[in-house]
Amino acid sequence: LIRSVQVSLGKLGYKVGRADGRLGETTIAAIRAFEKQQAMPDTGRISGDLLTRLTRLSTTTPRTAERR
């Protein structure tokens, strides 16, 4: 699950480092940046809403410049 989130965030241009399946500081920061951009509550955690939005956006949006 974590690896899938990392891959999806990477496709959207968020800096997650290597998709290693571990919820480290870089992945948490990328989740928070995504949540902020999407006007979601700042949790840094994987949730159903996060997965739904990531799935929808990462399958329809081309990769953009890296974000923090």
Side-chain angles (χ1 to χ4, degrees):
L1 178 63
I2 296 169
R3 185 175 311 208
S4 176
V5 168
Q6 290 169 323
V7 169
S8 294
L9 286 166
K11 284 182 181 179
L12 293 171
Y14 291 90
K15 186 177 178 182
V16 293
R18 190 169 57 100
D20 59 6
R22 295 186 177 160
L23 191 59
E25 294 296 319
T26 306
T27 301
I28 292 169
I31 290 171
R32 286 195 162 128
F34 178 80
E35 290 171 330
K36 182 177 181 179
Q37 183 190 27
Q38 294 294 308
M40 297 170 63
D42 180 3
T43 67
R45 296 181 183 193
I46 297 172
S47 66
D49 190 28
L50 178 83
L51 292 173
T52 299
R53 291 188 197 204
L54 273 177
T55 300
R56 184 183 67 223
L57 293 172
S58 68
T59 58
T60 60
T61 304
R63 184 180 174 121
T64 59
E66 279 196 2
R67 300 178 187 143
R68 295 171 109 233

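Note that the structure is a prediction, hence the values are computed from the model and not measured. Residue numbers count from 1 along this sequence.
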A.B. asks: Could you walk me through whether Leu23 and Val5 pass side chain to side chain contact (heavy atoms under 4.5 Å, CB included), step by step?
C.D. replies: CA-CA 10 Å; Leu23 191 59; Val5 168; over 6 Å; no
A.B. asks: Evaluate Thr43 against Leu50 for side chain to side chain contact (heavy atoms under 4.5 Å, CB included), listing each step before the verdict.
C.D. replies: CA-CA 10 Å; Thr43 67; Leu50 178 83; over 6 Å; no
A.B. asks: How about Val7 and Val16: do any of their side-chain heavy atoms sit closer than 4.5 Å?
C.D. replies: no
A.B. asks: Calculate, to the nearest 0.5 Å, the distance between atoms CG and CG belonging to Leu54 and Leu9 respectively.
C.D. replies: 5.0 Å
A.B. asks: Sequence neighbours excluded, which residues qualify as salt bridge (charged side-chain N to carboxylate O under 4.0 Å, His left out) partners of Asp20?
C.D. replies: none
A.B. asks: Look up atom CZ in Arg3 and atom CG in Leu1, then write down how far apart they are to the nearest 0.5 Å.
C.D. replies: 11.5 Å
A.B. asks: Report yes if some heavy atom in the side chain of Ile31 is under 4.5 Å from a heavy atom in the side chain of Tyr14; otherwise report no.
C.D. replies: no
A.B. asks: Would you mind listing every salt bridge (charged side-chain N to carboxylate O under 4.0 Å, His left out) that reaches into residues 35-50, with sequence neighbours excluded?
C.D. replies: Arg32-Asp42, Asp49-Arg53
A.B. asks: Quick one: are Gln38 and Leu57 in side-chain contact, heavy atoms under 4.5 Å?
C.D. replies: yes
A.B. asks: Which pair of heavy atoms, one from Lys15 and one from Ala30, lies closest together, and at what distance?
C.D. replies: O-CB, 3.7 Å
